[in-house]
Amino acid sequence: QLQLVESGGGLVQPGGSLRLSCAASGSNLDYHAIGWFRQAPGKEREGVSCAGASDGSTFYADSVKGRFTIFRDNAKSTVYLQMASLKPEDTAVYYCAAVNGLAHLSCSSRWYGYWGQGTQVTVSS
């Protein structure tokens, strides 16, 4: 059973940067598509950025394109979300997630079966 644990959230000023980490255990993360999702109060969970298992494909939501980057460290079985130029509207609980057996990359949360506990990101001055 794949287990995911996020870390790295916190309070940051607008324009600042944060790097979120998602450590995987229990299964080889390389066999899974992975993604970062976020949920703000009163809003639906949305896909922020996702990456395919092997082909290097990535997806970024329009709202974060050019500001966020998803990447892996295979040796550490960890996936990261580097966030830059943060805006107050980025405030949310951020979750990492994974799915195996996904034929084509999707960043819709309905496909992801393994989830971390979430980490709070607050962007405020």
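From a predicted model like this one, the values you see are computed outputs, not experimental measurements. Heavy atoms only: backbone and side chains are in, while hydrogens, waters and symmetry mates are out. The first residue of the sequence shown is numbered 1, and numbering continues consecutively from there.
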Tell me, do [X] and [Y] make a side-chain contact under 4.5 Å, heavy atoms counted?
X: Y80; Y: R72; answer: no
X: S17; Y: Q82; answer: yes
X: S124; Y: L11; answer: yes

[X] atom [atom1], neighbour heavy-atom count above 12 within 6.0 Å:
X: E44; atom1: CD; result: no
X: W111; atom1: CH2; result: no
X: F71; atom1: CZ; result: yes

For [X], side chain to side chain donor-acceptor pair (under 3.5 Å) partners two or more places apart:
X: R45; answer: Q39
X: S63; answer: R38
X: S85; answer: none
X: Y95; answer: none

So, using side chain to side chain contact (heavy atoms under 4.5 Å, CB included) as the criterion, who are the partners of [X] when residues are at least two apart?
X: N100; value: H32
X: Q3; value: S25
X: S54; value: none
X: A23; value: T78

Please write out which residues are connected to L4 in a hydrophobic cluster, directly or through intermediates, given that two of Ile, Leu, Val, Met, Phe, Trp, Tyr count as joined at side-chain heavy-atom separations below 4.5 angstrom. L2, V12, L18, L20, L29, I34, W36, V48, Y60, V64, F68, I70, V79, L81, M83, L86, Y94, Y114, V121, V123

Is the side chain of Q13 donor-acceptor paired with the backbone N or O of S125 at a distance under 3.5 Å, no angle test? no

Quick one: does any side-chain atom of S49 pair with a main-chain N or O of F59 as donor and acceptor, under 3.5 Å? yes

Intermediate values then yes/no, side-chain contact (heavy atoms from CB on, under 4.5 Å), S27 and Q1: CA-CA 6 Å; S27 188; Q1 184 81 0; over 6 Å; no

Restricting to non-hydrogen atoms, name the atom on Q117 and the atom on V5 that form the minimum distance, rounded to 0.1 Å. OE1-CA, 3.5 Å

Minimum-distance pair of heavy atoms, taken over all atoms of A33 and A53: N-CB, 3.9 Å

Qualifying disulfide bond (SG atoms under 2.5 Å apart) pairs, either residue in residues 61-125, two or more places apart: C22-C96, C50-C107

Salt bridge (Lys or Arg N to Asp or Glu O under 4.0 Å) filter on R67, not counting sequence neighbours, yields D90

Return the set of residues passing salt bridge (Lys or Arg N to Asp or Glu O under 4.0 Å) with K65 (not counting sequence neighbours), or none when no residue passes. D62

F37 vs Y112 aromatic rings, parallel, tilted or perpendicular, using cut-offs 30° and 60°? perpendicular

